[in-house]
Amino acid sequence: MEFHEILIQMKRVYQILFILLISALANNALAAIEVGQPAPNIEGTLIDGKPFSLQANKGKVVLVNFWASWCEPCREEMPAIEAFLKKNKSKGFEVLAITMDKPSDMEQAKQIMRNYSFLFAEKKQMDYSDYGRIWRIPSTFIIDKNGILRKNGMKGDATVDTKLLEELVTPLLNAQ
């Protein structure tokens with residue numbers, strides 16, 4: 001085999017390795033969380049200093065909302081989520097709002113959250129690494145009473161409104 005042919009073969013091997021590496025990184029970044037499977041845990045410290053663990057909230061339906069103060073669609077969906085929470089908190093519904101704001105925008109995020117009764121956390125205080133990179137804002141995940149993922153915020157329609165909450169969450173609250 002000539003030197004030139006060896007170089008061509010090596011180039012092909014490197015191209016294949018590069019493609020495999022990129023595929024592995026992409027899969028890790030998007031995390032393989034699927035509706036119908038157990039939701040990965042989210043844990044950390046809320047803004048008020050209290051600890052939070054998704055696993056400790058089994059028995060409740062939990063809506064986890066990744067949002068930011070600069071995100072207009074995020075702020076538009078919050079009143080519907082708040083109204084649904086007020087109506088259904090006694091039935092075992094909980095909302096965790098994790099702000100993706102930069103530290104320089106935290107005061108604005110805190111100001112917005114004064115209007116809502118959500119559990120509120122800053123991204124750097126929470127471990128949600130098993131959800132992969134949160135690249136879409138807003139992103140809303142819904143977890144049923146048994147800890148099973150029922151809405152994957154990284155797939156499908158990002159919008160959360162009263163219709164979605166009534167159609168998806170109400171049956172979960174009524175389930176035994």
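Just so you know, residue 1 is the first one in the sequence shown, and it goes up from there.
- The two residues T99 and E122 have their closest heavy-atom pair at CG2-CA, 3.8 Å.
- With rounding to the nearest 0.5 angstrom, the NZ atom of K102 is 9.0 Å from the CH2 atom of W70.
- Distance check: L63 CG to F141 CZ gives 10.5 Å after rounding to the nearest 0.5 Å.
- A salt bridge between K155 and E34 is present, with a side-chain N of the basic residue lying under 4.0 Å from a carboxylate O of the acidic one.
- Contact annotation: the side chain of F52 approaches that of N57 to within less than 4.5 Å [non-hydrogen atoms, C-beta and beyond].
- For the residue pair T140/N65, the side-chain donor-acceptor check at 3.5 Å is satisfied.
- For the pair I42/L96, a side-chain contact is recorded, criterion being any heavy-atom separation below 4.5 Å from C-beta on.
- Although no hydrogens or angles enter the test, the distance criterion places no donor-acceptor pair under 3.5 Å between the side chain of N41 and the main chain of E43.
- The hydrophobic cluster containing W67 does not contain I134, counting ILVMFWY residues as joined when their side-chain heavy atoms lie under 4.5 angstrom apart, directly or transitively.
- No donor-acceptor pair under 3.5 Å is formed between the side chain of T170 and the backbone N or O of E167.
- Inter-residue side-chain proximity for I33 and Y131 is flagged as met; some heavy-atom pair is nearer than 4.5 Å.
- For C74 against A68, the heavy-atom pair with the smallest separation is SG-N, 3.7 Å.
- Listed here is the closest heavy atom pair of D144 and R150: OD2-NE, 2.9 Å.
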Begin with the C-alpha distance, continue with both residues' side-chain angles, and end with the deciding distance and a verdict on side chain to side chain contact (heavy atoms under 4.5 Å, CB included) for N115 and M78. CA-CA 9 Å; N115 299 312; M78 285 180 162; over 6 Å; no

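- M113 and I98 are members of different hydrophobic clusters when ILVMFWY side chains are connected at heavy-atom separations under 4.5 Å.
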Are L149 and N152 close enough, and set up right, to give a side chain to side chain contact (heavy atoms under 4.5 Å, CB included), and what steps lead you there? CA-CA 7 Å; L149 186 69; N152 182 341; 4.0 Å; yes

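- Hydrophobic clustering keeps F84 apart from F66 (ILVMFWY residues linked when any side-chain heavy atoms are closer than 4.5 Å, directly or through intermediates).
- Taking 4.0 Å as the cut-off between side-chain N and carboxylate O, E166 and K163 do not count as a salt-bridged pair.
- Looking at heavy atoms from C-beta onward, L168 lies in side-chain contact with K151 at the 4.5 angstrom threshold.
- Cluster annotation: L172 is connected to V95 through the hydrophobic network of ILVMFWY side chains, with a link wherever side-chain heavy atoms come within less than 4.5 Å.
- Atom NZ of K123 sits about 5.0 Å away from atom CE of M100, to the nearest 0.5 Å.
- With a 4.5 Å cut-off on side-chain heavy atoms, L54 and I143 count as touching.
- Remark: S69 OG to K110 NZ distance equals 12.0 Å, nearest 0.5 Å.
- In this structure, M106 and D101 approach most closely via the heavy-atom pair SD-CB, 4.4 Å.
- Listed here is the closest heavy atom pair of R75 and Y116: O-OH, 4.4 Å.
- Closest approach of L164 and T159 over heavy atoms only: CD2-O, 4.4 Å.
- A donor-acceptor pair under 3.5 Å links the side-chain atoms of E77 to the main chain of V160, judged by distance alone.
- Here the side chains of I148 and P38 are in contact, with some heavy-atom distance below 4.5 Å.
- Taking 4.5 Å as the limit, every side-chain heavy atom of W135 sits out of range of all side-chain heavy atoms of I137.
- Residue F93 holds its CZ atom at 6.5 Å from CD1 of I142, rounded to the nearest 0.5 Å.
- Within the 4.5 Å cutoff, no side-chain heavy atoms of Y128 are placed close to those of V64.
- To the nearest 0.5 angstrom, K89 atom NZ is 12.0 Å from L173 atom CG.
- Residues S117 and E82 have side chains that bring a donor and an acceptor to within less than 3.5 angstrom of each other.
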